[in-house]
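Sequence positions, counted from 1, serve as the residue numbers for this chain.
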Amino acid sequence: MSTNFQVRLPDNIKDLPINEEYFFITENGQERRLKLHDYAEVYRIPGLYNYLALEKLAYRSPEVMTTLLTENVQESGESIQELKLLELGAGSGLFGQAVTKLGVTSIIGIDIVPEAAEACRRDYPGVYEEYFVEDMTELSQSTRKLLGEKKLNGFVCCSALSDGHIPVKAFITGMNLIKNQGWVLFNVAKSSYECKDDCPEFVKFYRQSVEKGYLNVQATQTYIHRCFFNGKSLEYVAILAKK
């Protein structure tokens with residue numbers, strides 16, 4: 001990949017929390033520090049997010065999750081081409097790009113970060129039928145109406161449910177926009193998934209949803225989501241359910 005920037009990782013990287021990881025970027029001879037989760041800034045620079053995620057951190061979630069979804073859809077006797085997906089936290093489009101390569105023809109993205117939508121249109125034009133820059137907890141009437149008319153049968157949230165990211169209310173809103181027996185696909189850190197005490201809000205919601213029968217789990221997969229900047233592996237669990 002040809003880039004107009006240079007990236008330098010900090011020396012003696014400590015075990016920083018995932019939302020505190022940072023790096024140095026040099027553009028036009030000027031170096032500055034950015035956090036990986038400074039999404040607006042990172043997405044604004046062409047090629048930077050993909051370089052960090054795919055080349056530096058070996059980010060695998062889009063590939064793992066799209067395979068989990070499409071294989072289970074086929075095994076259930078349903079058609080991949082008939083999937084109509086809504087992706088919450090669509091970011092720069094890595095999941096959308098991966099899933100359309102495996103045959104999905106209808107996916108709508110939504111993200112609260114305007115620069116994410118801009119990066120997606122720049123890097124993966126045409127992948128999403130529509131891409132909305134909105135807060136899922138406060139959807140506009142026009143967007144809610146359009147999504148209702150789409151007869152969505154799949155809801156996806158790829159790598160956006162860690163603390164400080166997408167709130168449970170937004171996930172519930174998205175899930176409620178798809179029909180019953182629709183597919184629900186998401187992932188969480190393995191440490192959160194297996195927690196015993198003081199669990200994240202989303203994990204509590206997920207467990208209650210399964211217990212009450214709102215979600216019927218079809219498959220789970222534990223895998224290496226990506227590496228930290230210090231080279232250690234970060235394990236996640238991908239969960240595929242039916243509403």
For residues 165-205, which residue pairs pass the disulfide (SG to SG under 2.5 Å) check, not counting sequence neighbours? Cys195-Cys199
Sequence neighbours excluded - disulfide (SG to SG under 2.5 Å) pairs with any residue from residues 42-158: none
Ring-plane angle category for Tyr39 and Tyr43, please: parallel below 30°, perpendicular beyond 60°, tilted otherwise. parallel
Show every salt bridge (charged side-chain N to carboxylate O under 4.0 Å, His left out) that has at least one partner inside [range], sequence neighbours left out.
range	result
residues 17-35	Arg8-Glu31, Glu20-Lys35, Glu21-Arg226, Glu27-Arg32, Arg32-Glu41
residues 108-127	Arg44-Glu115
residues 81-101	none

Who are the side-chain hydrogen bond (donor to acceptor under 3.5 Å, both in side chains) partners of [X], not counting sequence neighbours?
X	value
Thr26	none
Asn230	Asp15
Asn72	none

By the definition side-chain contact (heavy atoms from CB on, under 4.5 Å), identify the one residue from Phe229, Tyr22, Phe24 that meets it with Leu9. Phe229
If you look at every heavy atom in [X] and [Y], which pair is closest and at what distance?
X	Y	answer
Ser92	Tyr49	OG-CD2, 3.6 Å
Leu152	Leu147	CD1-O, 3.7 Å
Ile107	Val127	CG2-O, 3.5 Å
Leu68	Ala219	CD1-CB, 4.0 Å
Phe5	Pro46	CE2-O, 3.4 Å
Val188	Ile239	CG2-CD1, 4.3 Å

Using the salt bridge (charged side-chain N to carboxylate O under 4.0 Å, His left out) criterion, which residues pair with Lys145? Sequence neighbours excluded. Glu149
Backbone N or O of [Y] within a donor-acceptor pair of the [X] side chain at under 3.5 Å?
X	Y	answer
Asp135	Thr137	yes
Thr143	Leu139	no
Glu134	Ser140	yes

Between [X] and [Y], is there shared hydrophobic-cluster membership here, with clusters defined by ILVMFWY side-chain heavy atoms closer than 4.5 Å?
X	Y	result
Ile166	Val203	no
Val237	Val217	yes
Val156	Tyr223	yes
Ile25	Val42	yes

For Phe186, check ring pair (Phe, Tyr, Trp, His ring centres under 6.0 Å) against everything at least two apart and list the hits. Phe171, Phe202, Tyr206
Taken in chain and number order and not counting sequence neighbours, the residues that satisfy ring pair (Phe, Tyr, Trp, His ring centres under 6.0 Å) with Tyr214 are none
Verify whether one side chain among Tyr193 and Asn187 offers a donor that lies under 3.5 Å from an acceptor in the other. no
Verify the neighbour count for atom [atom1] of [X]: are there more than 12 heavy atoms of other residues, nucleotides or ligands below 6.0 Å?
X	atom1	result
Lys242	NZ	yes
Gln81	CD	yes
Lys169	NZ	no

I want to check a possible cation-pi pair here: Lys243 against Trp183, using under 6.0 Å from ring centre and within 45° of the ring axis as the test. no
Applying side-chain contact (heavy atoms from CB on, under 4.5 Å), can you list everything that pairs with Leu146, at least two apart in sequence or on another chain? Ile108, Glu130, Phe132, Lys150
Going by heavy atoms in the side chains, are Leu85 and Leu69 under 4.5 Å from each other? yes
Given side chain to side chain donor-acceptor pair (under 3.5 Å), test Ser159 with Tyr236 step by step and report yes or no. CA-CA 9 Å; Ser159 311; Tyr236 261 50; 6.0 Å; no
